[in-house]
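Have a look at the structure below before the remarks.
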Amino acid sequence: EMDTLVNEYVLNPTKRSSNQWQSKYEALEQRLSTEIFKNIPAEQELVDSMKRESVALKSGFEELLAINKRAGSMDTEIIRSRLISQISDSGNRIVETALLLTERLRVREANIQVTANILGLFLVGLALLIGFFGSRVLIRSISSPLDELSKFTEKISQGQFDIIISSELRHRDDEFGHLGETFQNM
C-alpha cells in the first residue's frame, strides 16, 4: 500500500500541486475575508490589494495547470514560463503586503500598549490624589474636635467653668458630638 501511495505521489505531480495549491488558496482566502480591518481604511486597502493579488494568483495557477495538461510544444513552454513568473510575482506581492500589514499591526499594538500604560499611570495618580485629600479630610474631622475638647478640658482644669462648646461640635452625630454635649452639660 505504501508503494502505491509513493508511486501515485511521484507519478501525479499535477494533481498533487493542484490539491496543495487549492488548500493554500482557500486558507489565504479565508484569512483575507475576516472583517478585522473593516473600520481601518488604510489596512483594509492593503487587504483588498492582497485579495486582488490572490485572485490573480489563482487565475495564473489554474491557467498553468491547464497548460501542463497539454505540455509539449515550444509555445506551451514559453507560456508556462511566463505564467510561473506571474504567479511568483503575485505571490511576492502578497508576501510583501502581508509583511507591511504585520508591521502596521505591530505599530498599532505598541501604540495601544503605550496608551494603556499612560491610562494606568493616570488612574494610579488619580487614586493617590483622592487618597491624599480623603485622608486630609478624615484627619481634620478627627483632630479638630479633639483640639477643641482638649482646650475645653484645659480651661476647666484652670478653674474656668463658664466655657461654651461650639454648637458645631455639640451637634455632631458621633462620639465627639456626644462628648461635647456631655462637657457642655457639666
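Side chains included, hydrogens not; waters and symmetry mates left out as well; all remaining heavy atoms used. In this text the structure is predicted, and so the values were computed from the model without any measurement. Positions are given from 1 along the sequence.
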For atom [atom1] of [X], is the number of surrounding heavy atoms from other residues, nucleotides or ligands below 6.0 Å larger than 12?
{"X": "E45", "atom1": "CD", "answer": "no"}
{"X": "N111", "atom1": "CG", "answer": "yes"}
{"X": "E109", "atom1": "CD", "answer": "no"}
{"X": "R82", "atom1": "CZ", "answer": "yes"}
{"X": "Q158", "atom1": "CD", "answer": "yes"}

Practice problem: Evaluate the side chain to side chain contact (heavy atoms under 4.5 Å, CB included) criterion for residues V47 and K51: first the C-alpha distance (whole Å), next the side-chain angles of each, then the deciding distance (0.1 Å), finally the verdict. | Solution: CA-CA 6 Å; V47 170; K51 284 180 183 178; 3.9 Å; yes
Using only atom types and a distance under 3.5 Å, with no angle test, would you say the side chain of [X] pairs donor to acceptor with the backbone of [Y]?
{"X": "S90", "Y": "Q86", "result": "yes"}
{"X": "D174", "Y": "G177", "result": "yes"}
{"X": "S143", "Y": "I139", "result": "yes"}
{"X": "S88", "Y": "S85", "result": "no"}
{"X": "S144", "Y": "S141", "result": "no"}

Practice problem: Walk me through it: do L129 and F133 pass the test side chain to side chain contact (heavy atoms under 4.5 Å, CB included)? | Solution: CA-CA 6 Å; L129 281 173; F133 288 112; 4.0 Å; yes
If I take atom [atom1] from residue [X] and atom [atom2] from residue [Y], how far apart are they, to the nearest 0.5 angstrom?
{"X": "L126", "Y": "L121", "atom1": "CG", "atom2": "CG", "answer": "12.5 Å"}
{"X": "L57", "Y": "N92", "atom1": "CG", "atom2": "CG", "answer": "10.0 Å"}
{"X": "E148", "Y": "T153", "atom1": "CD", "atom2": "OG1", "answer": "11.0 Å"}
{"X": "R108", "Y": "Q113", "atom1": "CZ", "atom2": "CD", "answer": "15.0 Å"}
{"X": "T182", "Y": "E175", "atom1": "OG1", "atom2": "CD", "answer": "11.5 Å"}

Quiz item: Is there a side chain to side chain contact (heavy atoms under 4.5 Å, CB included) between E103 and R106 once you walk through the steps?
Solution: CA-CA 5 Å; E103 183 58 32; R106 284 188 185 133; 4.0 Å; yes
When the side chains of residues 93-101 are checked against the rest of the protein, which donor-acceptor pairs come out under 3.5 Å, sequence neighbours left out?
unit_1 : atom_1 : unit_2 : atom_2 : d
R93    : NE     : E53    : OE1    : 3.1
R93    : NE     : E53    : OE2    : 2.9
R93    : NH2    : E53    : OE1    : 3.3
T97    : OG1    : R93    : O      : 2.8

Self-check item: Connected hydrophobic set around L128, excluding itself, where side chains approach under 4.5 Å
Solution: V124
